[in-house]
K.L.:
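Structure in structure tokens, see below.
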Amino acid sequence: MQATKHFTTRQIAKALDVSEASVKRWCDKGLIETTRTAGGHRRIQFEGIVRYLRDRRQPLPRPEVIGLPAATGKTPRKLDRASNEIVEALEAGEEERVRRILFDLYLAGTSCTTIGDRCIAPALNTIGDRWECGDTAVYQERRACEIVRRAIHELRAAIPSPPAEAPIAIGGTLSGDPYTVPTALVELVLRECGWQASSYGIDLPVETLCRAIEEESPRLVWVSASGFASPEDLVAAFETLYERAESAGAVLVAGGRALEEGIRSRLRFTVHCDTLQHLVAFAKTIHPRESSPPD
């Protein structure tokens, strides 16, 4: 069961094991962000209840009511162990366990940036290394990526929408790069930092990214590079993108495991980021926020 879009006060009361009157009172006080239907009934968005749970450290006796795995929020998680737990769950295809681990961390106040750098990235790197060594089957590696991609999408739904005046960031992977998770993580953490960030997916021709720069007027353009068709094609694509971004007043950010020093030294970009934390730090120099996401 995936997290649904919005809930009634009765559903939230059931999830929190409190009275509906208490939930309505919290809504009226502004503790839980609420919208109203045409008929005047309160509706609580998924992101609104998640924000309340994080801010108040409110227990969640029945997480399944709001579409989260049973027992979510009931098991303390340590970051240094979470990555290994995720690896075990991914190799076994235990999607609900992966979701539970990630939301346990997020509800406890861990930022998406930290979750990405210290949990998701190391876990997938381990899965990838085992696959290359023949210790993990191809289907397990592909399934792991799909499980993580869906979990990232769900975390994205838990993040408050950026304001209309927030700067725009766009990006994806270039032709020859089929890896979905890294660009999805970039979108996630930039949205957490208050950007209107949109990943355009994978295997993108450079021409279409250039067109997007012209039509969307982004402040930041990212390229996630976990693979590429050929070094020459990659160098040419970055040259084209850099010139187009610079002429449009945008910065070009590069990152990804494929950008080793030998190839990176041949590319043109504004900044190279080794980690999501590095990316967030750079993004904040362009668009600082009054408060940063908690770790």
Side-chain angles (χ1 to χ4, degrees), residues 1-7 15 33 44-55 57-58 60 63-75 77-79 82-83 85-87 89-90 94-124 127 143-162 166 169 171-172 179-201 222 224 275-277 279-280 283 289 291-295:
M1 179 179 179
Q2 296 295 312
T4 53
K5 197 170 183 179
H6 54 75
F7 307 92
E33 187 175 349
I44 299 169
Q45 303 293 324
F46 180 61
E47 65 183 56
I49 186 59
V50 169
R51 178 188 291 182
Y52 174 77
L53 292 169
R54 293 188 88 209
D55 290 348
R57 298 295 192 269
Q58 176 81 26
L60 185 60
E64 65 276 6
V65 175
I66 60 172
L68 295 176
T72 298
K74 300 178 183 179
T75 304
R77 301 285 177 184
K78 293 187 176 180
L79 278 169
S83 179
E85 293 175 353
I86 292 171
V87 169
L90 289 173
E94 297 174 349
E95 184 162 359
E96 291 299 279
R97 184 181 173 194
V98 173
R99 294 175 65 221
R100 185 169 66 248
I101 293 169
L102 296 181
F103 268 94
D104 281 346
L105 292 168
Y106 187 70
L107 290 175
T110 308
S111 70
C112 291
T113 303
T114 299
I115 290 172
D117 276 339
R118 296 186 58 183
C119 300
I120 294 176
L124 288 181
I127 296 284
R143 180 179 64 188
C145 291
E146 285 302 296
I147 288 173
V148 171
R149 182 186 60 80
R150 289 191 290 268
I152 291 171
H153 183 74
E154 193 171 10
L155 281 172
R156 183 185 185 280
I159 296 174
S161 299
Y179 293 93
T180 60
V181 171
T183 186
L185 277 172
V186 172
E187 180 192 67
L188 178 71
V189 302
L190 286 177
R191 289 182 68 86
E192 185 180 45
C193 290
W195 287 71
Q196 294 186 59
S198 298
S199 171
Y200 292 162
W222 79 81
S224 170
T275 64
L276 295 172
Q277 186 62 53
L279 169 66
V280 167
R289 299 185 70 187
S291 60
S292 300
D295 279 331

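Here, residue 1 is the first one in the sequence, and each next residue gets the next number.
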K.L.:
Which pairs count as salt bridge (Lys or Arg N to Asp or Glu O under 4.0 Å) when at least one residue sits in residues 101-111, sequence neighbours excluded?
P.N.:
Arg77-Asp104
K.L.:
With sequence neighbours excluded, what pairs up with Ala151 under the side chain to side chain contact (heavy atoms under 4.5 Å, CB included) test?
P.N.:
Leu102
K.L.:
Could you give the distance from OG (Ser83) to NZ (Lys78), rounded to the nearest 0.5 Å?
P.N.:
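It is 16.0 Å, given to the nearest 0.5 Å.
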K.L.:
My understanding is that only residues two or more places apart in sequence, or in another chain, count here; which of them pass side chain to side chain contact (heavy atoms under 4.5 Å, CB included) with Ala158?
P.N.:
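Ala158: side chain to side chain contact (heavy atoms under 4.5 Å, CB included) contacts with Phe46, Val50, Phe103, Tyr106.
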K.L.:
Taking the side chain as every heavy atom from C-beta outward, state whether Gln45 and Glu33 have any pair of such atoms under 4.5 Å apart.
P.N.:
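In short, these two side chains do not touch, never coming nearer than 4.5 Å.
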K.L.:
State, yes or no, whether a side-chain contact exists between Ile115 and Leu188 at a heavy-atom distance under 4.5 Å.
P.N.:
no
K.L.:
Quick one: CD on Glu64 to OG1 on Thr72, what's the gap to the nearest 0.5 Å?
P.N.:
8.5 Å
K.L.:
Any sub-3.5 Å donor-acceptor pair from Gln196's side-chain atoms to Ala166's backbone N or O?
P.N.:
yes
K.L.:
Hey, does Ile49 have a side-chain heavy atom less than 4.5 Å from the side chain of Leu53?
P.N.:
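Side-chain contact under 4.5 Å: yes.
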K.L.:
Hey, could you give me the OG1/CZ distance between Thr180 and Arg150, rounded to the nearest 0.5 Å?
P.N.:
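The OG1 atom of Thr180 sits 10.0 Å away from the CZ atom of Arg150.
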K.L.:
So, using ring pair (Phe, Tyr, Trp, His ring centres under 6.0 Å) as the criterion, who are the partners of Tyr52 when residues are at least two apart?
P.N.:
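Partners of Tyr52 by the ring pair (Phe, Tyr, Trp, His ring centres under 6.0 Å) criterion, ordered by chain and then number, come out as Trp26.
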K.L.:
On a heavy-atom basis, which atom in Pro63 and which in Pro69 lie closest, and how many Å separate them?
P.N.:
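It is CG-O, 3.3 Å.
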K.L.:
State, yes or no, whether a side-chain contact exists between Leu279 and Trp222 at a heavy-atom distance under 4.5 Å.
P.N.:
no
K.L.:
Once side-chain hydrogen bond (donor to acceptor under 3.5 Å, both in side chains) is applied, do any residues pair with Ser199, and if so which ones, sequence neighbours excluded?
P.N.:
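With sequence neighbours excluded, Ser199 shows a side-chain hydrogen bond (donor to acceptor under 3.5 Å, both in side chains) to Thr183, given in chain and number order.
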K.L.:
Roughly how far apart are Arg191 CZ and Leu155 CG, rounded to 0.5 Å?
P.N.:
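The CG atom of Leu155 is 12.5 Å from CZ of Arg191, to the nearest 0.5 Å.
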K.L.:
Please give me the minimum heavy-atom distance between Leu185 and Gly116, naming the atom from each residue.
P.N.:
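The pair with the smallest heavy-atom distance is CD2-CA, 4.2 Å.
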K.L.:
Suppose we screen for side chain to side chain contact (heavy atoms under 4.5 Å, CB included). Which residues come up paired with Ala121, at least two apart in sequence or across chains?
P.N.:
none
K.L.:
Hey, is the main chain of Ala108 close enough, under 3.5 Å, to the side chain of Arg57 for a donor-acceptor pair?
P.N.:
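Yes, because the side chain of Arg57 sits within donor-acceptor range (under 3.5 Å) of the backbone of Ala108.
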K.L.:
Taking NZ, NE, NH1 and NH2 as the nitrogens, is one of them in Glu146 or Arg149 under 4.0 Å from a carboxylate oxygen of the other?
P.N.:
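The answer is yes: the pair qualifies as a salt bridge.
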K.L.:
My understanding is that only residues two or more places apart in sequence, or in another chain, count here; which of them pass salt bridge (charged side-chain N to carboxylate O under 4.0 Å, His left out) with Arg97?
P.N.:
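Only Glu88, Glu94 meet the salt bridge (charged side-chain N to carboxylate O under 4.0 Å, His left out) criterion with Arg97.
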K.L.:
Search all heavy atoms of Val98 against all heavy atoms of Ala89 and return the closest pair with its distance.
P.N.:
CG2-CB, 3.6 Å
K.L.:
Where is the tightest heavy-atom contact between Ala283 and Leu190, given as atom of each residue plus distance?
P.N.:
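Nearest pair, atom of Ala283 first, then Leu190: CB-CD2, 3.8 Å.
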K.L.:
With sequence neighbours excluded, tell me which residues meet side chain to side chain contact (heavy atoms under 4.5 Å, CB included) with Pro160.
P.N.:
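Here the qualifying residues are Glu47, Arg51.
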K.L.:
With salt bridge (Lys or Arg N to Asp or Glu O under 4.0 Å) as the rule and sequence neighbours excluded, what pairs involving residues 108-121 come up?
P.N.:
none
K.L.:
Could you tell me whether the side chain of Leu105 reaches within less than 4.5 Å of the side chain of Thr114, counting heavy atoms only?
P.N.:
no
K.L.:
For the atom pair CZ (Arg100) and CD1 (Ile86), what is the distance rounded to the nearest 0.5 Å?
P.N.:
11.5 Å
K.L.:
Which atom names give the shortest non-hydrogen contact between Ala15 and Ile66, and what distance separates them?
P.N.:
CB-CG2, 4.1 Å
K.L.:
Rounded to the nearest 0.5 Å, what's the gap from CD1 on Ile152 to CD on Glu154? Could you check?
P.N.:
11.5 Å
